[in-house]
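Letters A, B, ... are given to chains in the order of the sequence lines, protein chains preceding strands, and every chain is numbered from 1.
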2 protein chains.
Amino acid sequence: MAHMTMQDHTEKAEACALKRRHAAGEDPEKRHQILVGAWRVFVEQGFDAASMNSICKAAGVSKGTLYVYFENKEDLFVALVEEKRQDFFDGIFERLVGAGSIEERLLAYAMGLSEQLNSEEVIRAQRIVISVVERMPDLGRRFYDAGAAHFLGRLHGFLREETEAGTLVVPDFELAAAQFVELATTGTWRARMFGRREDEPTAEEIEYVAREAVAMFLAKYRA
Amino acid sequence: MAHMTMQDHTEKAEACALKRRHAAGEDPEKRHQILVGAWRVFVEQGFDAASMNSICKAAGVSKGTLYVYFENKEDLFVALVEEKRQDFFDGIFERLVGAGSIEERLLAYAMGLSEQLNSEEVIRAQRIVISVVERMPDLGRRFYDAGAAHFLGRLHGFLREETEAGTLVVPDFELAAAQFVELATTGTWRARMFGRREDEPTAEEIEYVAREAVAMFLAKYRA
DNA sequence: GTCGTGTCGAACCGAGCGGTTCGATTGGCT
DNA sequence: AGCCAATCGAACCGCTCGGTTCGACACGAC
């Protein structure tokens with residue numbers, strides 16, 4: 001409501017960029033610092049077992065400050081997942097549109113996808129999200145949409161293009177995209193989610209599974 | 001160490017069958033009753049949020065009695081999962097060895113598998129197991145072995161037989177079996193685990209996905 | 001009938017929880 | 001220099017947790 005000149009805005013922005021006194025709960029550095037600590041604790045203890053005290057200690061922040069930045073534990077966790085989603089799932093999509101034959105592009109996509117979904121960090125995140133999905137259904141849905149659904153969407157578009165170009169014959173884009181994702185993580189993701197496999201799959205295994213996934217996929221859908 | 005005549009054993013067994021005073025913590029009916037109540041509570045609250053008090057109430061049993069039957073919460077949960085594993089995964093395997101063409105048998109197997117893994121009860125059980133897998137790694141492994149690994153084993157055997165019979169050409173049985181399981185639950189299981197889909201898939205959807213799974217599988221591995 | 005024992009139920013324990021409060025401290029701002 | 005607000009840190013709140021204890025009770029064994 002208060003009137004500000006353009007001048008004022010510019011000055012403020014400049015000051016912020018360096019070292020400014022922030023309003024309570026509005027220092028983005030501190031906020032990030034809290035999230036980093038919280039991530040460590042959540043990831044190694046799970047949602048319920050992680051106490052706000054541990055998170056304070058891990059983040060190097062007083063409890064009072066913590067509650068200035070986040071309303072409560074759930075709020076903190078939602079903000080955390082919201083931040084992580086993007087880190088996790090960026091930088092894979094462009095593999096689909098890169099140069100190369102269909103095989104090469106699908107292979108690159110499958111490998112990126114498997115590598116990402118099977119990484120220790122993402123596995124643990126997925127476990128925690130699943131464990132609270134009953135209490136926080138929105139969180140689960142948003143997480144899924146940002147991850148799996150996003151992969152599926154890109155693939156869906158790719159398949160339609162290739163079908164229109166006559167390279168592939170895909171009667172059901174949704175299904176085919178989902179099949180591809182499943183094939184790419186065959187034998188690894190599920191076992192890792194249940195703790196049946198403790199270590200990340202090796203690069204060789206990822207490539208092997210991805211290659212076979214592409215082979216099977218094209219055996220069915222190649223024109 | 002104590003000596004007993006055959007007579008004694010028989011008498012005891014007969015008495016037990018009807019209405020006998022059981023030693024503390026050894027009445028199988030009561031034990032089952034506790035597990036039923038515990039299942040209800042665990043399933044709708046998760047491991048951490050489920051309190052022993054709620055479980056007592058749900059089971060209609062006093063807290064003292066509960067702790068006579070089970071050492072602690074973890075012990076109770078392990079016993080519960082142990083009991084449920086068998087209920088969940090029985091009665092599907094024989095579909096593979098039934099009569100019919102390969103297509104028919106694979107289809108039946110895929111449908112049974114998808115139906116089972118996607119049922120509300122099993123989804124919830126899987127969520128809970130995954131949520132505690134960090135703290136109780138054995139439990140996760142045993143659950144996986146009783147479920148997914150069991151499916152895979154049967155399929156593995158089937159594929160070898162068919163390959164030896166010349167019907168299929170499968171270079172890597174492990175991989176192919178895993179691929180089949182993934183294909184059978186395409187688009188349903190993962191989304192349900194993350195709460196992205198609230199309702200069990202319909203029989204029609206299960207059959208559709210299963211059919212496409214078999215089609216793709218045979219497109220790759222049929223001799 | 002009376003004894004023995006498995007169950008009940010409620011009180012109880014110490015610990016830890018999420019969340020709040022408040023005085024002391026610090027370091028940018030004017 | 002002196003103000004002021006963001007942060008600190010420790011104590012504190014009410015509550016619930018997993019787990020224990022114990023006297024009352026009910027019922028099968030003899």
Side-chain angles (χ1 to χ4, degrees), chain A residues 8 11-35 37-38 41-42 45-80 132 135-136, chain B residues 8 11-38 41-42 45-80 131-132 135-136:
Chain A
D8 287 338
E11 281 173 357
K12 202 158 196 170
E14 278 176 335
C16 278
L18 296 177
K19 196 73 156 283
R20 165 147 176 82
R21 195 84 180 283
H22 297 89
E26 301 207 336
D27 182 343
E29 261 183 58
K30 185 141 293 217
R31 191 185 140 96
H32 183 70
Q33 169 190 346
I34 294 174
L35 289 177
V41 177
F42 275 130
Q45 313 215 30
F47 181 81
D48 289 284
S51 79
M52 290 304 252
N53 281 316
S54 321
I55 292 176
C56 293
K57 210 156 44 171
V61 142
S62 84
K63 217 170 171 181
T65 305
L66 177 62
Y67 275 97
V68 168
Y69 279 81
F70 300 96
E71 264 192 20
N72 52 43
K73 193 170 164 181
E74 186 171 321
D75 182 40
L76 170 59
F77 183 65
V78 169
L80 182 56
V132 298
R135 270 171 293 175
M136 303 156 64
Chain B
D8 287 339
E11 279 172 3
K12 200 157 199 173
E14 277 175 339
C16 279
L18 296 177
K19 195 72 157 283
R20 165 149 178 82
R21 196 83 181 285
H22 296 89
E26 301 209 335
D27 183 342
E29 262 183 57
K30 186 141 295 217
R31 190 184 141 97
H32 183 70
Q33 170 189 345
I34 293 175
L35 288 177
V36 168
V41 178
F42 275 129
Q45 313 215 27
F47 181 80
D48 289 286
S51 79
M52 291 303 255
N53 280 316
S54 321
I55 292 176
C56 293
K57 209 156 44 172
V61 141
S62 84
K63 216 171 171 181
T65 305
L66 177 64
Y67 275 97
V68 167
Y69 280 80
F70 300 96
E71 265 193 20
N72 52 43
K73 193 170 165 181
E74 186 171 321
D75 182 41
L76 169 59
F77 183 65
V78 170
L80 181 56
S131 78
V132 299
R135 271 170 293 175
M136 304 157 62

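- Across all strands, A:A49 comes closer than 4.0 Å to no nucleic acid atom at all (heavy-atom distances).
- Closest contact between the side chain of A:Y69 and the listed nucleotides D:dT7, C:dG18, D:dG18 involves D:dT7.
- Taking each heavy atom of B:Y67 and B:N72 in turn, the nearest pair found is CE2-CA, 4.0 Å.
- Using a 30° and 60° split on the angle between ring planes, A:F47 and A:F42 fall in the parallel class, below 30°.
- In this structure, the nucleotide among D:dC17, C:dC17, C:dC8 sitting nearest to the side chain of A:N53 is C:dC17.
- Across the protein-nucleic acid pair, B:F42 atom CZ and D:dC17 atom P stand 13 Å apart, rounded to whole Å.
- Going from atom CZ of A:F70 over to atom P of C:dG18 covers 16 Å, rounded to whole Å.
- Both B:G60 and A:A50 sit near DNA chain C, but only B:G60 has its closest nucleotide nearer the 5' end.
- The distance between atom NZ of A:K57 and atom P of D:dA10, rounded to the nearest whole Å, is 11 Å.
- Among D:dG18, C:dG18, C:dT7, the nucleotide with an atom closest to any side-chain atom of A:K63 is C:dG18.
- Without hydrogens or angle criteria, B:Y69 side chain to B:D27 main chain gives a donor-acceptor distance under 3.5 Å.
- Proximity of A:K30 to the phosphate of D:dC8: a side-chain N or O atom is located under 4.0 Å from OP1 or OP2.
- Listed candidates were D:dT7, C:dG18, D:dG18. Nearest to the side chain of B:M52 is D:dG18.
- The interatomic distance linking B:E71 (CD) with D:dT20 (C1') rounds to 14 Å, in whole Å.
- Side chain of B:K73 to backbone of B:D48: a donor-acceptor contact under 3.5 angstrom is found.
- If A:F47 and B:V61 are placed on DNA chain C by their nearest nucleotide, the residue sitting closer to the 5' end is B:V61.
- The listed nucleotides are D:dT20, C:dG18, D:dC8; the one nearest the side chain of A:K73 is C:dG18.
- For A:S62 and D:dG9, the shortest distance from a side-chain N or O to OP1 or OP2 is not below 4.0 Å.
- Of the candidates C:dG18, D:dT7, C:dC8, the closest approach to any side-chain atom of B:T65 belongs to C:dC8.
- Remark: C1' of D:dC13 and OH of A:Y67 are 13 Å apart, rounded to the nearest angstrom.
- Atom-to-atom, CG of B:L66 to C1' of D:dT21 comes out at 15 Å; the value is rounded to the nearest Å.
- Look at CD1 on B:I55: it is 12 Å from C1' on D:dC17, rounded to the nearest Å.
- Look at CD on B:Q33: it is 17 Å from P on C:dG6, rounded to the nearest Å.
- The distance from atom CG of A:L66 to atom CE of A:M52, rounded to the nearest 0.5 Å, is 4.5 Å.
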